[in-house]
Amino acid sequence: VTFDARTGLASISHDVDLLDCIGKLGRDGITAVQAARLLYRSERPSKADVVRARRKLNSHCQADPPRLIERSGSHGGSANRGVATWVLAA
């Protein structure tokens, strides 16, 4: 159950299979913002939602065996580095 503090409403949330979604995206992978949009069902996820999504993505990188690989970039992107993305491990 998820509670929305702004509206005071409660809703039943169904888990998103993040790995399945990333697999469907292919070689482009997913960014932390995109993952937050999926996980928290929001077009404009909060900074806290993005941080939580990034932690979830990184936990899949640290699993044994790793399920995801992080492609370098910077958090939020920059002119010369781009945005960090996560792809399925081979």
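Throughout, numbering of the chain's residues begins at 1 and tracks the sequence. These values consider heavy atoms only, across backbone and side chains, with no hydrogens, waters or symmetry-generated copies. Since the model is a prediction, treat every value here as computed from it, not as a measurement.
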Once side-chain contact (heavy atoms from CB on, under 4.5 Å) is applied, do any residues pair with R37, and if so which ones, sequence neighbours excluded?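 side-chain contact (heavy atoms from CB on, under 4.5 Å) list for R37, sorted by chain: V33, Q34, P45.
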If I compare all heavy atoms of P66 with all of C61, which pair ends up nearest, and what's the gap?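 So the minimum-distance heavy-atom pair works out to CB-O, 3.4 Å.
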Quick one: pull up CD in E70 and CD in Q62 and give me the separation to the nearest 0.5 Å.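 These two atoms lie 9.5 Å from each other.
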Measure the spacing between CG of L38 and CG of D49 and express it to the nearest 0.5 Å.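 Answer for the CG-CG pair, L38 versus D49, is 12.0 Å.
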Do the non-hydrogen side-chain atoms of R27 and R71 ever get within less than 4.5 Å of each other?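 Yes. Closest side-chain heavy atoms under 4.5 Å.
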I want to check something: taking the side chain as every heavy atom from C-beta on, are L57 and L68 in contact at a cut-off of under 4.5 Å?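 Side-chain contact under 4.5 Å: yes.
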R67: what forms a salt bridge (charged side-chain N to carboxylate O under 4.0 Å, His left out) with it, not counting sequence neighbours?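 For R67, no residue satisfies salt bridge (charged side-chain N to carboxylate O under 4.0 Å, His left out) once neighbours in sequence are set aside.
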Please list, chain by chain and in numerical order, all residues satisfying salt bridge (charged side-chain N to carboxylate O under 4.0 Å, His left out) with D20, sequence neighbours excluded.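 In terms of salt bridge (charged side-chain N to carboxylate O under 4.0 Å, His left out), with neighbours along the sequence ignored, D20 is linked to K24.
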Are [Y] and [X] connected into the same hydrophobic cluster when the rule is that any two of I, L, V, M, F, W, Y join if their side-chain heavy atoms are below 4.5 Å apart?
{"X": "L25", "Y": "I69", "answer": "no"}
{"X": "W86", "Y": "L88", "answer": "yes"}
{"X": "Y40", "Y": "L18", "answer": "yes"}

